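Below is one structure, written out as structure tokens, with a few remarks after it.
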Number of protein chains: 4
Amino acid sequence: MQSKNRPVGQKRASFIEEARRTQIIESAIETFSDLGYANTSLARVAERAGISKSVISYHFAGKTELMEQIVEQVYLDIAQFVLPRTEKETTATGALRANIRSVAEYMRDHRAQLLALGEIFNNLRTPEGERRYGVAFNEQVYEGREAIFRRGQQTGEFRAFDPRVMSVTVQSAIDGMFGYWVTYPEHDLEAHADELADLFEHATRAERPDEKANR
Amino acid sequence: MQSKNRPVGQKRASFIEEARRTQIIESAIETFSDLGYANTSLARVAERAGISKSVISYHFAGKTELMEQIVEQVYLDIAQFVLPRTEKETTATGALRANIRSVAEYMRDHRAQLLALGEIFNNLRTPEGERRYGVAFNEQVYEGREAIFRRGQQTGEFRAFDPRVMSVTVQSAIDGMFGYWVTYPEHDLEAHADELADLFEHATRAERPDEKANR
Amino acid sequence: MQSKNRPVGQKRASFIEEARRTQIIESAIETFSDLGYANTSLARVAERAGISKSVISYHFAGKTELMEQIVEQVYLDIAQFVLPRTEKETTATGALRANIRSVAEYMRDHRAQLLALGEIFNNLRTPEGERRYGVAFNEQVYEGREAIFRRGQQTGEFRAFDPRVMSVTVQSAIDGMFGYWVTYPEHDLEAHADELADLFEHATRAERPDEKANR
Amino acid sequence: MQSKNRPVGQKRASFIEEARRTQIIESAIETFSDLGYANTSLARVAERAGISKSVISYHFAGKTELMEQIVEQVYLDIAQFVLPRTEKETTATGALRANIRSVAEYMRDHRAQLLALGEIFNNLRTPEGERRYGVAFNEQVYEGREAIFRRGQQTGEFRAFDPRVMSVTVQSAIDGMFGYWVTYPEHDLEAHADELADLFEHATRAERPDEKANR
DNA sequence: GATGAATGAGCGTTCATTCAT
DNA sequence: TATGAATGAACGCTCATTCAT
């Protein structure tokens, strides 16, 4: 098994090894996406990849490692897409809007990856029975978005609100947008994202003094 | 087998029959909630109920019917709790706030039920592989909430926005609140619900004329 | 699974349950005896019993429990046969001779049982890798025989020797007799047992005073 | 593959070839000794040797040949150690004592080898299901020891007894000593060997005329 | 000489379901 | 009304071996 404990100083995984792992991961993503977590077996993944199922065992320590690799890979991929687009914005409002829109843009071309991620996210558990991933795994994402909110509150761009609740809500709204689009593929993802951006712009922006006074 | 297509004229399910079904459903809810979808087998449910597992097969046509009964029952229960609290509000804003708060209140005392519902919702598939429930199953809920939004928009209470997106987002925000609270049980659910109500109040309310003009 | 955690007060295992367990154990004994430890799979045992292999899983918690049951059952059976025949002897020499001869007699009619016992004894390991049974499991047998030797030494019937070494050696000699007979089935088991009895009689009996003096 | 049927005139196995085979055999011995027959796979042996598992397949025709090589090598090693020490004795009693003691001495420094030997001895089977080694494989050892006994009986040093039974019993006693020491490593191996020598000296020596008469 | 890659066979186990009682 | 007994299918995984490089 090349995937772990590779001796120090040894050449990195061979080309063929990397290609197989990639191929298997892609087949697994499709399988999770199409059949769902409970119906995804190594046999089905192998079938889709056109290989013997023991090939999977050869390249991955087990089903768990395969799933963890999927999560890791998809997560990195999303971050690489979304972060630059978010960070180049100067205003907090702009950053939030860019964040939502770029995630939506990513979704459009990575439906299967995000579906697979969700299946694993929602279902994979440790041997002890606790969720392997879970809301807690989003902590990093929450904190990143919280930073935007705090910044906006300090600059006076945003009203007073609980940044954590807002952050959790934005994430939920994005997840909900994805789920809705998956169910209704003809749904206009871009328009939905814009609506969400408007929604959170209104939800976060500073209130006019006289408004505040009237509350 | 007795659960469906009961011949016309036959007495309704006996007391003992109903008691057994209830007991099994409750054990199943606990099991789904504790162990997750993939680790919930009829054997485990039976073990928790302290009965033989073929008793389950006797009272339910199969695992699928058991899960469908859970969904139906929990759904009804939520609706019975939430709808009256929502409908007694007169303003759209009030209705939305009451909606969010009452769901949160329900959550607090029905953690296991909602967890089990989520497990089944996210994972149960038809024999053909499509999701048995899914976003589409929420259609009723969406429409109910959309009605509130449209009313608010007609009365001028709300600004112009896409009622469907807003409805999906409210639902997502509520689901996200639940997931967050499940992960962090010490999290203040009531405060979160109030924050959400504020959030959507800001997100929906009509803009002042001069604001609109400035955009 | 009836085999464990039977609720208190519940009727003991049903007749059919006991019959199945017995049948499976017997098939397993034959399989271990014929094919050896490494070639004995639940599939092979089931095949020999003419049942589906999942029946074994139904009646036993696992392969390990099946093997432990074999050991327990065969052990009890031997003890029930040998102990009475040994204990009715009055002299230590007589007890030793009766012990050896009765074991040999038992062997003759329980070849497969003892072979299976040996396979499991020599190979079964705990999940941590240590032998499940081993020499230490013979402790009881050793102690029983040591008691005979000590008694003989106190009465002056036996010479001075290390009772533990003698006990271990008697057991080894019996095991060796069995192994030899298994390999050469025409070998005269009874004569071998008598030779062993003579051997240990000479090896244990008290030396005459002048012999001792001359050493 | 190189190990057998090397074409005539070809140089003997290269140094590196021999070194690899030796390394693999040693790792295999450790693995059999530590993990037991059933848990010893080529993968585990390779892991311990720090080599790829197909290296084993390259140097040995298969797992079976590897095991046979272990048996052959350990057997030769024991014989080289024990035989000279036994043969230099002039009396039959002395030879027996030397035999037992030298085996015990060998054990002390070759625990793993003897354990591995035992694992293979007890478990390796032909494709037809018969034991590959077994009591019959000891024939040579038995005959060697029988020669000692017959000699002693001819010189009048030993009493009348069945030399084959005595030979089998001596071997069993030695095996038993090893097994006991493996379980209780603090057990005094040398003292045990001396006790055994005494035991068999008493068991074999000629009886005094009056003793015989009294029986 | 050496090995990474692949494979089919078989393993023990869990599963939802059926059926006779 | 209840359940013990049974089962075939499928599961994730390990195995010794083969083969191209």
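Just so it is clear, the values below take in all heavy atoms, side chains as well, and ignore hydrogens, waters and symmetry mates. Here is how names work: the chains are called A, B, and so on, in the same order as the sequence lines, proteins then strands, and each is numbered from 1. These figures come from a predicted structure and were not determined experimentally.
Spacing between atom NE2 of B:His59 and atom C1' of F:dA2 amounts to 7 Å, rounded to whole angstrom units. As a whole-Å value, the separation of B:Lys63 NZ from E:dC15 C1' is 8 Å. Between the CG atom of A:Leu66 and the C1' atom of F:dC13 there is a distance of 14 Å, given to the nearest Å. Rounded to whole angstrom, the span from the OH atom of A:Tyr58 across to the P atom of F:dC19 amounts to 17 Å. B:Glu47 places its CD atom 13 Å from the P atom of E:dA16, with the value rounded to the nearest Å. Spacing between atom CG of A:Leu42 and atom C1' of E:dA9 amounts to 17 Å, rounded to whole angstrom units. Atoms CZ (A:Arg21) and C1' (E:dA6) sit 16 Å apart, rounded to a whole Å. Summarising the geometry, the separation between CD1 on A:Ile51 and P on E:dT7 is reported as 7 Å, rounded to the nearest angstrom.
By the 4.0 Å N-to-carboxylate-O rule, C:Arg125 lies too far from C:Glu130 to be salt-bridged with it. The pair B:Arg21-B:Glu65 meets the salt-bridge criterion, with a side-chain N (NZ, NE, NH1 or NH2) lying under 4.0 Å from an Asp/Glu carboxylate O. A salt bridge links D:Arg132 with D:Glu68: at least one charged nitrogen is closer than 4.0 Å to a carboxylate oxygen.
Nucleotides of DNA chain F nearest to D:Ala43 and A:Thr40 differ in position, and the one nearer the 5' end is that of A:Thr40. In this structure, D:Val55 and B:Arg44 both approach DNA chain E, and ranking their closest nucleotides by distance from the 5' end singles out D:Val55. Both C:Asn39 and A:Ser52 lie near DNA chain E, and the one whose nearest nucleotide falls closer to the 5' end is A:Ser52.
Here the side chains of D:Ile29 and D:Val74 are in contact, with some heavy-atom distance below 4.5 Å.
Closest to the side chain of C:Ser57, out of E:dT14, E:dT3, E:dT7, is E:dT14. Ranking E:dC15, F:dG4, F:dG12 by closeness to the A:Ser41 side chain, first place goes to F:dG12.
Nucleotide E:dG10 forms a Watson-Crick or G-U wobble pair with F:dC13, both donor-acceptor distances falling under 3.5 Å. Across all strands shown, E:dA20 forms a Watson-Crick or G-U wobble pair, both distances under 3.5 Å, with F:dT3.
Between the side chain of A:Ser54 and the base of E:dG8, a donor-acceptor pair under 3.5 Å is found.
A cation-pi arrangement is absent between C:Lys63 and C:Phe32 under the rule of less than 6.0 angstrom and at most 45 degrees off the ring axis.
The phosphate of E:dG4 (OP1 or OP2) has no side-chain N or O of A:Arg20 nearer than 4.0 angstrom.
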